[in-house]
Amino acid sequence: MKNIAVLVSGGGTNLQALIDAQGRGEIPNGKITLVVSSNPNAYALQRAESNSIPTKVIRRKDYSEFSNYDTALTDLLQSKNIDLVVLAGFMTILGKKVIKAFENKIINIHPSLIPSFCGEGFYGLKVHEKALERGVKITGATAHFVDEICDNGPIIIQKAVEIQNGDTPEILQKRVMEQAEWKILPKAVALFCNDKIKVVGNKTEILE
Ligand code: GAR
């Protein structure tokens with residue numbers, strides 16, 4: 001059984017999708033044992049608490065040096081024997097130390113089809129604003145491993161979502177969540193916990 005830490009900053013609908021998938025038995029070899037929030041007021045914390053999942057708040061601004069923040073987060077995850085870290089709407093950039101300590105063990109959900117609309121500055125609603133501004137007809141979501149470059153690590157699963165007439169960033173965000181994020185993130189986590197993801201260079205192979 002792998003111990004899963006989910007890192008959040010806001011509403012936590014992706015955390016909820018993981019909790020629900022776990023409840024349906026869809027992540028048989030993993031258990032969410034910790035939720036870490038960068039924001040003490042994140043609704044995601046209430047979702048964790050109402051499912052009896054231990055929580056911890058770690059804020060970047062509580063550390064004068066970024067390296068001390070990086071060390072605190074790494075130490076926390078290691079002290080709780082975490083096997084997999086999931087970034088589910090986590091809005092603080094991770095440091096080198098935690099990324100090295102959990103190489104190919106950190107999964108992020110990004111609300112576009114990487115390599116479109118990703119990298120620094122592309123997060124949350126902004127991703128959908130940019131997609132609508134560019135006039136793409138298809139967008140989607142990507143579950144990928146995290147490396148030292150933002151949104152660059154090996155891709156695990158992607159799912160496409162159609163843009164519709166009259167879409168606003170908010171409407172599109174909701175459709176991408178419902179049709180893609182909440183489906184592929186639990187799947188990627190289950191694959192990881194079942195040892196079904198092989199990383200080869202900057203790519204993954206999903207094992208049968
Ligand atoms: C989600 O759409 C997630 O893909 C996005 O933030 C939202 C968090 O929602 N993440 C990023 O943009 C990361 N670059 P949630 O708190 O309801 O899961």
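As the structure lists them, so they are numbered: ligands from 1, and atoms in each ligand from 1.
For atom 8 (C) of ligand 1, the closest non-hydrogen atom on the protein side is Gly89 CA, 3.5 Å. When only non-hydrogen protein atoms are considered, atom 9 (O) of ligand 1 lies nearest to Met177 CE, 3.4 Å. Among all non-hydrogen protein atoms, the one lying nearest atom 14 (N) of ligand 1 is His110 ND1, 3.4 Å. Residue, atom and distance of the protein heavy atom nearest to atom 3 (C) of ligand 1 are Glu181 OE1, 3.3 Å. In this structure, atom 11 (C) of ligand 1 lies nearest to the protein heavy atom Pro111 CD, 3.6 Å.
Taking the charged nitrogens against the carboxylate oxygens, Lys2 and Asp195 do have a contact shorter than 4.0 Å, which makes a salt bridge. Contact check on Lys174 versus Glu170 returns no salt bridge, with no Lys/Arg side-chain nitrogen under 4.0 Å from an Asp/Glu carboxylate oxygen.
Considering all non-hydrogen atoms of both residues, Thr142 and Leu113 come closest at OG1-CA, 3.6 Å. Nearest approach of Lys80 to Asn3, heavy atoms of both residues: O-ND2, 4.0 Å. The shortest non-hydrogen separation linking Met91 to Gly124 is CE-N, 4.1 Å.
Distances from ligand 1 to the non-hydrogen atoms of Met91 include at least one value under 4.0 Å. At least one heavy atom of Ile109 sits less than 4.0 Å from an atom of ligand 1.
Atom CZ of residue Arg59 and atom OG1 of residue Thr92 lie 11.0 Å apart, to the nearest 0.5 angstrom. To the nearest 0.5 Å, atoms SG (Cys118) and CG (Asn152) are separated by 8.5 Å.
Of the polar atoms of Gly124, at least one N or O is found under 3.5 Å from an N or O of ligand 1, judged by distance alone. Considering backbone and side-chain atoms together, Gln173 places no N or O closer than 3.5 Å to any N or O of ligand 1. Residue Asp151 has no nitrogen or oxygen atom sitting less than 3.5 Å from a nitrogen or oxygen atom of ligand 1, judged on distance alone. At least one N or O atom of Thr13 sits closer than 3.5 Å to an N or O atom of ligand 1.
Of the possible donor and acceptor atoms, none in the side chain of Asn68 sits under 3.5 Å from a partner among the backbone N and O of Ser64.
Of the candidates Ser9, Gly12, Ala44, Gly10, Gly12 brings a heavy atom nearest to atom 16 (O) of ligand 1.
Counting the atoms of ligand 1 from 1 in the order shown, those under 4.0 Å from a heavy atom of Phe122 are 14 (N).
The residue Phe90 has no part lying near ligand 1, judged by heavy-atom distances below 4.0 Å.
Within the 4.5 Å cutoff, side-chain heavy atoms of Ile157 are placed close to those of Leu191.
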